[in-house]
Amino acid sequence: MRQSQGQILRHSMRPMTTAHLAQTMTLLELSSVELEQKIDAELASNPALELQEVAHCPQCHRRLPLSKMCPVCSRPTNSLSEQPIIFVSPRTDFTSYDYRGATSSSGGELPGEEWAAETEDLPTYILRQIAPELKKDDRLLAAHILTSLDDDGLLTIPLSEIALYHRVRMARLENILSLIQHADPPGVGSPTPQQALLVQLEILEETCDVPPLAAAAILKGMELLSRHAYMELGKQLKISAIEAQDLARWISENLNPYPARAHWGSVRHSTHAEPNYPSADVVISRLTGELSSPLVVEIISPYAGSLRVNPLFRQHISEAPDGTAEKWQNDLDSAVLLVKCLQQRDHTLVRLMQQLVVIQRQYILKGDAFLLPVTRASLAETLEVHESTISRAVSSKSVLLPNGRIIPMSRMFDRSLHVRTALRQIVATERRPLSDTQIARLLGEQGYDVARRTVAKYRNMEGILPARLRAASMRA
DNA sequence: CTATGGCACGGATT
DNA sequence: AATCCGTGCCATAG
């Protein structure tokens with residue numbers, strides 16, 4: 001049943017132009033947020049495209065064109081109007097079926113939804129803090145800066161660009177930026193994570209003791225820091241690897257390279273930049289609390305099922321005003337193309353997730369240690385698509401797990417995470433420091449066949465020092 | 001002699 | 001076709 005449906009779908013999509021292929025590819029790579037932007041742009045510029053009037057406002061139950069706000073009661077209609085693509089994966093077997101989420105009653109409400117009336121956005125929040133210290137003219141400049149922040153609270157455009165635009169001197173802007181950086185999410189507005197850290201450090205210095213070398217570490221060893229390369233870092237700063245590790249720990253515990261994100265992986269914070277609800281492309285949740293619960297998979301696809309070619313436009317194409325006939329035809333063609341490609345994208349994504357959720361069920365429910373090593377290639381084979389298709393579909397997408405963590409989808413294909421988890425476990429419980437060779441043997445006993453050399457690599461990735469140095473730090 | 005890091009090769013990924 | 005990642009081999013440090 002389900003099978004034949006897939007066949008028909010695939011068959012009907014066979015006749016593809018090269019343009020079609022190219023566009024499908026590019027769409028596949030986009031995350032839901034990026035896709036939404038693209039479609040918005042397309043909608044604005046192409047009169048042949050339209051949104052079907054299918055949305056329901058949860059409050060007044062009015063039928064609306066798809067939009068973010070209900071114009072009548074001004075309540076967000078997002079999640080309901082989007083016709084999320086949902087399917088359920090029952091406990092173990094491979095017979096997951098899907099249905100396109102009907103927009104009836106309150107079907108797909110997500111747990112923990114917080115559409116609290118006032119979600120003040122980040123720029124406003126900061127502007128309010130610093131406004132008293134600004135002259136009137138400077139407020140405009142500050143606003144310009146603040147609206148150029150990304151979701152992480154980092155400045156996306158060079159200050160000089162703003163200076164040019166408003167014809168003001170850099171020094172003036174730098175002053176304003178400095179004010180912003182010292183406002184509440186500390187370091188916000190910095191052009192790079194590195195600068196954000198430095199600003200935070202500066203702020204902390206006023207109230208408490210900071211390690212003397214922290215600034216130097218950030219300045220010189222940013223890259224080493226993020227790679228947990230403590231030994232190299234130590235060399236750079238002329239301190240031991242152990243001291244370097246302590247320093248790094250202090251930095252990661254007390255500073256945050258992305259000012260607007262509260263904590264990595266944890267639930268979203270109230271002072272969030274954009275009102276984009278779970279900023280994931282796929283949301284997986286449990287139907288019930290039990291471990292054997294079926295999984296509900298929701299693929300966020302902006303305007304899925306609602307975007308279509310305007311039938312009126314198609315109908316009146318022959319009546320195009322003189323000289324614009326070609327343009328109209330062009331618009332029509334690209335609209336048709338976009339809609340088709342969108343369907344194709346969704347279809348691919350659904351099939352991908354259907355497989356993935358079954359294969360990685362244990363990981364999704366129980367955590368890192370249960371991640372199975374799956375290759376994109378193997379999945380491509382079972383889905384009968386080119387491996388690069390999987391690659392594109394997976395890249396730059398994120399998944400919200402039932403436990404509330406957001407992970408990049410590529411983690412589902414991490415070949416080493418489960419081994420690394422086991423390794424961490426071993427080192428955490430060791431009585432005295434084990435050498436890489438010993439660890440490799442222990443891992444082998446647990447069924448993880450890895451080379452000694454690889455243990456060394458994983459150890460580094462996890463930021464664990466070599467046995468010799470672990471011995472030293474235990475003594476201390 | 002043992003424990004590790006560096007470099008290079010082959011398969012997987014992009 | 002370019003790049004990344006797990007490994008094997010070898011040099012070096014203890």
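A quick note: this is a predicted structure, and the numbers were derived from the prediction, not measured. Per chain, numbering begins at 1; letters A, B, ... match sequence-line order.
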Exercise. Any idea which heavy atoms bring A:L443 and A:A422 closest together, and the distance?
Worked result: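 Nearest pair, atom of A:L443 first, then A:A422: CD2-CB, 3.7 Å.
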Problem set entry | Heavy-atom pair with the smallest gap, counting every atom of A:A335 and A:A48 |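 In terms of heavy atoms, the two residues are closest at CB-CB, 3.8 Å.
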Please work out if [X] contacts a base, only the sugar-phosphate, or nothing of the nucleic acid, heavy-atom cut-off 4.0 Å.
X      : value
A:S388 : nothing
A:S395 : nothing
A:R453 : base

Problem set entry | 5′-ward residue of the pair A:K457/A:S435 relative to DNA chain B | A:S435
For this session: Using heavy atoms to find the nearest nucleotide of DNA chain C for A:R420 and A:R452 separately, return the residue whose nucleotide is more 5′.
Result: A:R420
For this session: Go through DNA chain B in 5' to 3' direction and return only the first and the last nucleotide with some atom under 4.0 Å of chain A's heavy atoms.
Result: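 Nucleotide range with atoms under 4.0 Å of chain A: B:dA3 to B:dT14.
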Within this structure, what is the [atom1]-to-[atom2] distance between [X] and [N], rounded to whole angstrom?
X      : N     : atom1 : atom2 : answer
A:N460 : C:dG6 : CG    : P     : 12 Å
A:L443 : C:dG6 : CG    : P     : 14 Å
A:Y448 : C:dT7 : OH    : P     : 14 Å

Exercise. What do you reckon, are the aromatic ring centroids of A:Y448 and A:H418 less than 6.0 Å apart?
Worked result: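 Here the rings of A:H418 and A:Y448 have centres that are less than 6.0 Å from each other.
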Exercise. Looking at the rings of A:H144 and A:Y165, which for Trp means the six-membered one, are their centres under 6.0 Å apart?
Worked result: yes
Exercise. Should A:Y458 be listed as having a side-chain N or O under 4.0 Å from OP1 or OP2 of C:dG6?
Worked result: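 Yes, within the criterion.
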Exercise. Atom CE of A:M353 and atom CD of A:Q360: how far apart are they, to the nearest 0.5 Å?
Worked result: 10.0 Å
For this session: Output yes when a side-chain donor or acceptor of A:S378 lies under 3.5 Å from a complementary backbone atom of A:V374, and no otherwise.
Result: no
